[in-house]
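Only one structure is covered here, and it is reproduced in the block below.
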Amino acid sequence: GEDVEQSLFLSVREGDSSVINCTYTDSSSTYLYWYKQEPGAGLQLLTYIFSNMDMKQDQRLTVLLNKKDKHLSLRIADTQTGDSAIYFCAESPSGYKLSFGAGTTVTVRA
Amino acid sequence: DTAVSQTPKYLVTQMGNDKSIKCEQNLGHDTMYWYKQDSKKFLKIMFSYNNKELIINETVPNRFSPKSPDKAHLNLHINSLELGDSAVYFCASSPGTRQETQYFGPGTRLLVL
């Protein structure tokens, strides 16, 4: 996790937008990923972005990539209670494996 | 029609025992992985196999031995279990080996007493 850094916790009110930030180190990663892990469950691929893109939108999810600063963010619009989970940012530096951040625990309050 | 499946889902065992975790994928992928998630939720790659051949071995103790009988299966055998082996072990697969999306299994929660 030392190559990918994320803040550990985020609390957001239901209906508001959530923004989860991530910084990574390897500029050779062709793809950058966001995975979601609900309590007691496995990892679910949420979305990914190709490194030559600045932004990708997928329904309530918006991914922004600043390649110069090696900064990735995930915005969840209209956050719902079902969005409470741990969100992992991941890069693929060598191409064979994923390097994950420590995960951001998102808590949605009513 | 689960894509990546693991058995067992939970495993509780005594220190010193030997245990195996199995993984199967029905996605037709060539590459499979084992990751370990510790109590702080930190995820780290352990092994990767491509078409039954080991391609990643990330300084994991040799008590851990992966085995891939075919490209749809990757099992993990652990000898002489230690308390520190308690974790969640995730299997994953991807189509090839380069910069491709990996799909994860539900995890095996191992508790060593």
Side-chain angles (χ1 to χ4, degrees), chain A residues 1-10 20 22 24 26-53 56 58 63 65 67 84-107, chain B residues 2-10 21 23 25 27 29-51 53-60 66 74 87-109 111:
Chain A
E2 62 269 14
D3 296 331
V4 180
E5 292 190 357
Q6 304 175 235
S7 52
L8 292 181
F9 301 99
L10 175 67
I20 308 166
C22 168
Y24 61 96
D26 197 308
S27 56
S28 68
S29 292
T30 304
Y31 292 98
L32 293 143
Y33 303 88
W34 285 104
Y35 281 85
K36 176 183 179 182
Q37 185 178 29
E38 294 180 13
L43 281 112
Q44 170 197 350
L45 176 67
L46 263 188
T47 187
Y48 61 91
I49 187 167
F50 191 52
S51 59
N52 69 354
M53 295 170 67
K56 180 180 178 182
D58 183 2
V63 180
L65 175 60
K67 206 172 174 185
S84 292
I86 304 175
Y87 292 81
F88 291 93
C89 169
E91 63 171 353
S92 185
S94 68
Y96 291 113
K97 62 183 183 183
L98 294 176
S99 287
F100 286 88
T104 299
T105 299
V106 173
T107 304
Chain B
T2 306
V4 182
S5 59
Q6 296 178 227
T7 53
K9 190 170 180 181
Y10 299 96
I21 310 171
C23 179
Q25 54 94 3
L27 297 166
H29 288 170
D30 286 341
T31 307
M32 296 183 73
Y33 310 80
W34 278 111
Y35 286 84
K36 179 180 178 181
Q37 186 177 42
D38 64 21
S39 57
K40 293 183 179 170
K41 304 296 183 187
F42 177 55
L43 270 156
K44 193 167 169 57
I45 183 85
M46 298 174 70
F47 299 104
S48 177
Y49 270 74
N50 174 255
N51 274 315
E53 195 174 318
L54 180 68
I55 56 172
I56 295 175
N57 183 342
E58 289 280 309
T59 54
V60 177
L74 180 62
V88 183
Y89 292 85
F90 287 102
C91 177
S93 73
S94 66
T97 56
R98 292 282 178 184
Q99 305 278 359
E100 291 170 322
T101 301
Q102 295 180 21
Y103 296 88
F104 283 75
T108 295
R109 283 141 188 86
L111 177 61

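Just so it is clear: chains get the letters A, B, ... in the order the sequence lines come, proteins before strands, and each one is counted from 1. Because the structure is predicted, anything quoted here is derived from the model rather than measured.
Of all the heavy atoms in A:F100 and B:F42, the pair that sits closest is O-CE1, 4.1 Å.
Contact annotation: the side chain of B:Y103 never approaches that of A:Q44 to less than 4.5 Å [non-hydrogen atoms, C-beta and beyond]. Within the 4.5 Å cutoff, the side chain of A:L98 has no heavy atoms near those of the B:L43 side chain. Side chains of B:K41 and A:F88 form a contact here, defined as non-hydrogen atoms less than 4.5 Å apart. Between B:Q102 and A:Y35, the closest side-chain pair of non-hydrogen atoms falls below 4.5 Å. Within the 4.5 Å cutoff, side-chain heavy atoms of B:T101 are placed close to those of A:Y33.
Interface remark: A:E91 contributes no atoms to any contact with chain B (heavy atom separation under 4.5 Å). For B:Q37, the part sitting under 4.5 Å from any heavy atom of chain A is the side chain, from C-beta outward, and nothing else. Only the side chain of A:I86 comes within contact range of chain B, with at least one heavy atom under 4.5 Å from a heavy atom of that chain.
Chain B forms more heavy-atom pairs under 4.5 Å with one residue of A:S99, A:G103, A:A90, A:G40 than with any other, namely A:G40. Contact count against chain A (heavy-atom pairs under 4.5 Å) is highest for B:E58 among B:E58, B:K40, B:Q6.
More than 12 non-hydrogen atoms from other residues, nucleotides or ligands lie less than 6.0 angstrom from NZ of A:K56. Under a cut-off of 6.0 angstrom, the local environment of CZ in A:F9 is sparse, with at most 12 non-hydrogen atoms contributed by other residues, nucleotides or ligands. The local environment of CD in B:E53 is sparse, with at most 12 non-hydrogen atoms from other residues, nucleotides or ligands closer than 6.0 Å.
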